[in-house]
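Predicted model, so just to flag it, every value in this text is computed and none were measured. Order of the sequence lines sets the chain letters (A, B, ...), proteins ahead of strands, with each chain counted from 1.
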Number of protein chains: 2
Amino acid sequence: MSIHVTEQIAHPSCEELELGAVLHALSDPVRLSIVAELARCDGECTCGSFALPVTKSTCTHHFKVLREAGVIRQRQSGTTRLNQLRIADLETRFPGLLGTILRSSRG
Amino acid sequence: MSIHVTEQIAHPSCEELELGAVLHALSDPVRLSIVAELARCDGECTCGSFALPVTKSTCTHHFKVLREAGVIRQRQSGTTRLNQLRIADLETRFPGLLGTILRSSRG
DNA sequence: AGCATTGTACGACGCCCGTCGAACATCTGC
DNA sequence: GCAGATGTTCGACGGGCGTCGTACAATGCT
């Protein structure tokens, strides 16, 4: 018998978000493409739904960096892990930041 | 006799600016404070005019990273080096980016 | 039960980053 | 000319990053 924990995955709170960590998380092209895709989907996406040019373990690493920086929220659902942009929290702490970066990345 | 070269210091052109490099440059607290100070001065500042918690050589390194990312422009004047934010170029390539980051860093 | 799918954990590798100190270059002022 | 100020360059150091492969865990499907 295992204890049912709603939130096994560690996330920083809204107040704990740090600008440097967010900028560093978004400075990697793979992670930026993940964030751009999440913004486009506008919902929850599984880790595997991204066609990334890296292996699974590297993928796990990038999602972890994004989560620990507070850019995304991860939620377990069966064997898959659902990812979601923390748009509201980011907007609260760093107004306009995510939008301008995403617009800049689109070219 | 030495050849008088106007631009000895290498800078990327406006079109060469890369978002990842800019975000990485601004993800370091020392460099972000340099950029914030340059934005406040709204002019040209010498490298030594910043009270940074690092040695001279580390300082040189940070200014180099900012310059190669295209965030600042450096110009030699006697023994000192004058630094200036490339506000117009950054605004052209990444509209609103510098402003939102600076506002976020002050908040 | 057995197998496939999804993702994590761990160790390894090379590389770059932030930092420092020492030595050097260049200009300015006495 | 010489001393001081301003930065750069170089090598070194520790640490972290991005990447991979392998092994493992958990769930879903037949």
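Comparing C:dC20, D:dG18, C:dG7 by their closest approach to the side chain of A:Val65 singles out D:dG18. Of the candidates C:dC17, D:dG18, C:dT8, the closest approach to any side-chain atom of A:His24 belongs to D:dG18.
Side-chain atoms of B:Ser57 come within donor-acceptor range of the base of C:dG21, with a qualifying N/O pair under 3.5 Å.
In this structure, CG of A:Leu52 is placed 13 Å from C1' of D:dT19, rounded to the nearest angstrom. When rounded to the nearest whole Å, the span between CD of B:Gln74 and P of D:dT6 equals 16 Å. Atom NE2 in B:His62 sits about 12 Å away from atom C1' in C:dC20, given to the nearest Å. Taking atom CG on B:Asp28 and atom P on C:dG18, their separation rounds to 5 Å, with Å as the unit. Put simply, CD on B:Gln76 is 11 Å from P on C:dT26, counting in whole angstrom units. One atom, CZ of A:Arg75, and another, C1' of D:dT27, lie 15 Å apart when rounded to the nearest Å. Between the P atom of C:dT8 and the CG atom of A:Leu66 lies a distance of 12 Å, rounded to the nearest Å. Nucleotide D:dT9 holds its C1' atom 15 Å from the CD1 atom of B:Ile9, rounded to whole Å.
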A:Gln74 vs A:Lys64, side chain to side chain contact (heavy atoms under 4.5 Å, CB included): CA-CA, chis, key distance, verdict: CA-CA 9 Å; A:Gln74 292 191 294; A:Lys64 184 180 179 186; 5.8 Å; no
Test B:Arg81 against B:Ile9 for side chain to side chain contact (heavy atoms under 4.5 Å, CB included), laying out the working first. CA-CA 11 Å; B:Arg81 190 163 279 199; B:Ile9 311 173; 3.6 Å; yes
Could you please spell out the steps behind the side chain to side chain contact (heavy atoms under 4.5 Å, CB included) verdict for A:Leu90 and A:Leu17? CA-CA 8 Å; A:Leu90 289 170; A:Leu17 300 193; 4.0 Å; yes
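Looking at which nucleotide of DNA chain D each of B:Gly48 and A:Gly78 is closest to, the 5′-most match is held by B:Gly48. Where A:Ser77 and B:Thr80 meet DNA chain D, the nucleotide closest to each residue was compared, and B:Thr80 sits on the side nearer the 5' end.
A donor-acceptor distance shorter than 3.5 angstrom exists from the side chain of B:Asn83 to the backbone of B:Cys45, with no hydrogens or angles considered. A donor-acceptor distance shorter than 3.5 angstrom exists from the side chain of B:Glu91 to the backbone of B:Gly96, with no hydrogens or angles considered.
A heavy atom lying under 4.0 Å from DNA chain D marks none of the residues of residues 31-41 of chain B.
Between A:Thr55 and D:dC20 there is a side-chain N or O to OP1 or OP2 distance below 4.0 Å. Dashed line: the shortest gap from a side-chain N or O of B:Arg81 to OP1 or OP2 of D:dT8 is under 4.0 Å. The side chain of A:Thr60 contributes no N or O atom lying less than 4.0 Å from OP1 or OP2 of C:dG7. The side chain of A:His61 places no N or O atom within less than 4.0 Å of a non-bridging phosphate oxygen (OP1 or OP2) of D:dC20. An OP1 or OP2 oxygen of D:dC20 is reached within less than 4.0 angstrom by a side-chain nitrogen or oxygen of A:Thr58.
Within 6.0 Å of atom CD in B:Gln84, more than 12 heavy atoms from other residues, nucleotides or ligands are found, so the atom counts as buried in its surroundings.
A:Leu85 pairs with exactly one of A:Leu66, A:Leu38, A:Ile34 by the side chain to side chain contact (heavy atoms under 4.5 Å, CB included) rule, that one being A:Leu38.
The shortest distance between side-chain heavy atoms of B:Arg31 and B:Val71 does not fall below 4.5 Å.
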